[in-house]
Amino acid sequence: MKKILCIGGVTTDIILSPVDSLPPPGVLRAVQSASTHVGGCAANAAIDLGKLGVPVALACQVGQDTLGDFVIEQAGGAGVDTQWIVRGGEPTTCSIVCVNSQGERCFLYYPGSTSAYSIESLPASPPKDCDIVFVAEALLLDSFDGQPAGEYLARARAQGAYTVMDTAWDPDGVWMPKIQAALPGLDLFMPSLEEAQKLSGKEDPKEIADVFFGMGVKSVIVKLGSQGAYLCPTPEERYTLPAYPGIAVADTTGAGDSFCAGFLCGLANGWDFRACGQFANAVGALCVTKIGASTGVPSMKEVLEFMESHTFLE
C-alpha cells in the first residue's frame, strides 16, 4: 500500500454543542457537551488515514505547549508517523467550534503555529517512501501557500509522487492569488463547493472545474457536502456521486477532511477514480455521525461493511 504525506494545517478543536446563537456580552449560557479534539485539515486527514490502516506521515507545526503535546499524542496513537511535526515559537493553532442543533458548525480561529509553518520546516524533498503528497488547509498556510507550495509539489512530482491539495476558508478574502502558483503542480485538486466558488468566481461545478483545469490541474473534485461530490478525472470525464442517504448527522466538523482521507485511501490501494469517490463518500457519511472531526471514522473493514449494507444511489 502506498504511503501518504499530509502537509499543512493542524488545530486543537474545543467543540461546544448545541450552540444556536452566541449570548450577548456579560451573559453566561450553558451547553450540553464540550470536548477537545485534534483538528485542522492535514491532521484530520492523517488521523483518518491512520484509522483506515493507510501508512501516513504528518508534516505540520505545533507550539511548545500542552496543546502541541496533545496533537502529537493523538496523531501517534492513530498510527501516524509524527517525525515531521516541528515545534516552533508560535502557540499551537486552536479553534472554538460551535455546533448547532442541526449539526452545522461555525468557528472562532486562532492562526498560531499553522500560519507560521514554512517550506523550511519540511525535508528538502518529500521522503522517498511517500508516494502521495497531500497539501491540506491551503489558504491558511500563510508562510507556505503559493510559490513555496508550488516548488515543493514540483519536487514531489519530479521523484514520482502523486500530488493533491485541499483548501480551507480564506478569512482574508484574497482567495485565488494565494494559491494560484501551486495549482500547475497538482495531479488532483479537491476543494469544497463554497471555497471553489470563491476561488474560481463561478457558481456551477462544471464551470468551476473548467477554471481549475485551465490553470493546469490534472484532475478536479468539488465536494458538495450533503449532495455528494462532483468528480472530474479528466476534463472530458465528469460525473456526480451523490451522498449516502438517511445519515443521522451529529456534527459535520471534519466531514470534508474525511472525504479527502477516504479518497486518498482508495488511491493508496490502487483503486480507480470512481471507487475512490464511493469510498470517500462512505467515510464522510460515517464521520458526521459522531462529535469530533475523526471520532466517527472507523477501520477500512467497517467502512466496506457500511457500503455493503447501504444502498448507494447513482
Novice: Side-chain contact, heavy-atom cut-off 4.5 Å: F306 with L286?
Specialist: yes

Novice: With respect to F189, which candidate in V135, T167, D166 satisfies the side-chain contact (heavy atoms from CB on, under 4.5 Å) definition?
Specialist: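 The passing option is T167.
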
Novice: How would you list, by chain and number, every residue that makes a salt bridge (charged side-chain N to carboxylate O under 4.0 Å, His left out) with D170, sequence neighbours excluded?
Specialist: K178

Novice: Going through the distances and angles, do T93 and T11 end up as a side-chain hydrogen bond (donor to acceptor under 3.5 Å, both in side chains)?
Specialist: CA-CA 5 Å; T93 305; T11 71; over 6 Å; no

Novice: List the residues meeting side chain to side chain donor-acceptor pair (under 3.5 Å) with E120, not counting sequence neighbours, and say none if there are none.
Specialist: S118

Novice: Restricting to side chain to side chain donor-acceptor pair (under 3.5 Å), what partner residues turn up for E151, sequence neighbours left out?
Specialist: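 With sequence neighbours excluded, E151 shows a side chain to side chain donor-acceptor pair (under 3.5 Å) to no residue whatsoever.
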
Novice: Do you know which two heavy atoms are closest between M1 and A268, and how far apart they sit?
Specialist: CG-O, 3.5 Å

Novice: Strictly below 4.0 Å, N to O, side chains only: are K198 and E194 in salt-bridge contact?
Specialist: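 The answer is no: the pair does not qualify as a salt bridge.
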
Novice: Please tell me whether E90 and S113 have a donor and an acceptor in their side chains that are separated by less than 3.5 angstrom.
Specialist: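 The criterion, which ignores hydrogens and geometry beyond distance, is not satisfied for S113 and E90.
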
Novice: Below 4.5 Å, heavy atoms only, C-beta onward: do Y109 and C94 meet side chain to side chain?
Specialist: no

Novice: Considering only NZ, NE, NH1 and NH2 on the basic side and carboxylate oxygens on the acidic side, decide whether D210 and K202 come within less than 4.0 Å.
Specialist: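 Salt bridge absent between D210 and K202.
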
Novice: Go through the steps for R87 and D69 under the test salt bridge (Lys or Arg N to Asp or Glu O under 4.0 Å), then give the verdict.
Specialist: CA-CA 10 Å; R87 307 198 76 158; D69 296 339; 2.8 Å; yes

Novice: Taking all non-hydrogen atoms of both residues, which atom of A136 and which atom of A42 are closest, and how far apart?
Specialist: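 Of all heavy-atom pairs spanning A136 and A42, the closest is CB-N, 3.5 Å.
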
Novice: Check N281 against P242 and note the closest heavy-atom contact, atom names and distance.
Specialist: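 Where N281 meets P242 most closely, the heavy atoms are ND2-O, 3.2 Å.
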
Novice: Indicate yes or no for a side-chain donor-acceptor contact from K51 to the backbone of V297 under 3.5 Å, with no hydrogens or angles considered.
Specialist: yes

Novice: Just so I know, are the side chains of Y152 and P126 near enough to count as touching, which here means a heavy-atom distance under 4.5 Å?
Specialist: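 They are in contact (side-chain heavy atoms under 4.5 Å apart), so the answer is yes.
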
Novice: Please check if the side chain of E137 supplies one atom and the backbone of C41 the other of a donor-acceptor pair under 3.5 Å.
Specialist: yes

Novice: F259 and side-chain contact (heavy atoms from CB on, under 4.5 Å): which single residue from V283, L224, I221, D48 fits?
Specialist: I221

Novice: Verify the ring-centre separation between Y239 and Y230: is it less than 6.0 angstrom?
Specialist: no

Novice: Assess the side chains of S17 and R105: does a donor N or O sit below 3.5 Å from an acceptor N or O?
Specialist: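 Judged by distance alone, the side chains do not pair up.
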
Novice: Specify the closest pair of heavy atoms between R238 and T234, including all atoms of both residues, with the distance to one decimal.
Specialist: CG-O, 4.1 Å

Novice: Quick one: does T163's side chain have a donor or acceptor within less than 3.5 Å of a partner on D187's backbone?
Specialist: yes

